[in-house]
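Written below as structure tokens is the structure these notes are about.
For ligands, and for the atoms within them, numbers begin at 1 and follow the listed sequence.
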Amino acid sequence: LRVSFSVIQKESGLIDGVIAVLYDITEQEKIEQERREFVANVSHELRTPLTTMRSYLEALADGAWKDDEIAPQFLNVTQTETERMIRLVNDLLQLSKLDRTEYRINKDFVNFTVFFDKIIDRFEMTKSQHVSFVRNIPKEALFVEIDTDKITQVLDNIISNALKYSPEGGKVTFTIDKLSSDIQIRIKDEGVGIPKESVNKIFDRFYRVDKARTRKLGGTGLGLAIAKEMILAHGGDIWAQSVEGQGTTVFFTIPYNPEQEDEWE
Ligand code: ADP
């Protein structure tokens, strides 16, 4: 809080009054600090793969390229790091689009139960681990107004996390609940879980519970931040619950108006 005083004085020199102005700089300063942190984070995230690549390329240039065994390994590292940087830059571009005030979403009326089922099918077809899928999805049609590309990405980010942090043989449960004015989607895993103090932070940009581990798993730390922006743009909400060592559930809601459905039947 900043305060400035002005004294009102009459020509005679008598003081007539005082004006005090209070400026609330806390909000503005918070935004500015977040911006600084964001730039620092981006720089750090880009520097890490770049310095890794530099040392591997130096080693190759110094003669490692002649070694039939080492050279392909070193090239593989530089390839992995390049891919990580591409993912990171793509995520950053996504976020910067979402930050623009003129940002618009292209909504369509979609039967969410069918839409959700198809996305789960795709993961079931391509998943590489032994994780079983359980679906608690109502048979009835649930029409909602969504930007299908955006919600596909939200689900991709949440489901790939659920798989990433699941143990072999784990179970991932997909649920849709119809509430009074929205539908609630839940994706529950039996993975490593998240410490209590971190559960609310996982939707922050670049927040990771375990930097080293998630970097190994190829994460950018932006997936859930993007998901959050997209859900908020739909007028929904997103949050998580977790018990360390037992698993995590990510919830989100999408506004739902049961009366609107009649028009579409
Ligand atoms: P990342 O690209 O690192 O996965 P996200 O924004 O998707 O970034 O997630 C942020 C962090 O939240 C992850 O690094 C991880 O620590 C934690 N997290 C997200 N989903 C889960 C989950 N299902 N189980 C355990 N931890 C999770």
Side-chain angles (χ1 to χ4, degrees), residues 34 37-38 40-42 44-49 52 80-99 116 119-120 123-124 127-135 150-175 184-233 236-252:
E34 275 172 9
E37 262 169 38
F38 184 68
N41 277 329
V42 172
H44 179 78
E45 293 297 328
L46 283 170
R47 197 179 53 184
T48 308
T52 307
T80 309
E81 294 302 307
T82 311
E83 264 145 33
R84 180 205 305 290
M85 282 198 292
I86 292 172
R87 270 201 305 276
L88 180 64
V89 172
N90 281 338
D91 282 353
L92 286 169
L93 283 172
Q94 281 265 5
L95 270 178
S96 111
K97 267 194 221 153
L98 290 165
D99 281 341
F116 195 28
I119 290 177
I120 304 167
F123 274 95
E124 195 144 47
K127 70 178 155 61
S128 53
Q129 314 118 292
H130 294 287
V131 173
S132 56
F133 283 4
V134 178
R135 306 183 199 205
K150 303 281 185 312
I151 300 296
T152 298
Q153 196 181 346
V154 169
L155 286 167
D156 279 359
N157 291 353
I158 299 171
I159 300 170
S160 50
N161 279 342
L163 290 173
K164 232 185 327 190
Y165 300 105
S166 275
E168 281 288 306
K171 194 166 73 183
V172 177
T173 311
F174 303 89
T175 308
Q184 186 188 74
I185 293 89
R186 257 185 290 161
I187 292 128
K188 177 175 185 284
D189 65 56
E190 298 178 339
V192 290
I194 300 163
K196 230 195 184 88
E197 65 277 10
S198 303
V199 178
N200 294 324
K201 296 185 191 150
I202 61 170
F203 300 96
D204 293 349
R205 295 173 184 195
F206 291 116
Y207 187 82
R208 296 173 180 120
V209 174
D210 178 341
K211 288 227 183 233
R213 186 186 63 196
T214 51
R215 197 166 279 137
K216 233 180 19 226
L217 291 169
T220 63
L222 293 174
L224 289 178
I226 292 172
K228 184 176 176 180
E229 293 290 338
M230 288 176 169
I231 290 299
L232 295 182
D237 202 1
I238 184 166
W239 69 98
Q241 280 174 6
S242 188
V243 179
E244 234 184 323
Q246 287 185 28
T248 303
T249 308
V250 176
F251 301 74
F252 69 88

* Asked: Judged by atom type as modelled, is there a donor-acceptor pair below 3.5 Å linking the side chain of Gln129 to the main-chain atoms of Leu163?
  -> yes
* Would you mind telling me if ligand 1 is within reach of the side chain of Asp189, the backbone, both or neither, using heavy atoms under 4.0 Å? => side chain
* Do any N/O atoms on Tyr207 end up under 3.5 angstrom from N/O atoms on ligand 1? -> no
* State, yes or no, whether a side-chain contact exists between Phe252 and Ile158 at a heavy-atom distance under 4.5 Å. => yes
* Not counting sequence neighbours, which residues clear side-chain hydrogen bond (donor to acceptor under 3.5 Å, both in side chains) with Glu83? List them please. => none
* Structure fact -> The atoms of ligand 1 lying under 4.0 Å from a heavy atom of Arg208, numbered in the order shown, are 3 (O), 14 (O)
* So is there a nitrogen or oxygen of Asn161 less than 3.5 Å from a nitrogen or oxygen in ligand 1? -> yes
* To do: May I ask you to list the atoms of ligand 1 that are less than 4.0 angstrom from any heavy atom of Val209?
  => 16 (O)
* Atoms of ligand 1 less than 4.0 Å from Leu224 heavy atoms? -> 5 (P), 6 (O), 7 (O), 9 (O), 19 (C)
* Asked: Short list, please: which atoms of ligand 1 are under 4.0 Å from a heavy atom of Gly221?
  -> 1 (P), 2 (O), 3 (O), 6 (O), 8 (O)
* Main-chain N/O of Gly223 paired with Asn157 side-chain donor or acceptor, under 3.5 Å -> yes
* Thr249 backbone acceptor or donor facing Gln241 side chain under 3.5 Å -> no
* Asked: Between Phe174 and Phe133, how do the two ring planes meet: parallel, tilted or perpendicular, split at 30° and 60°?
  -> perpendicular
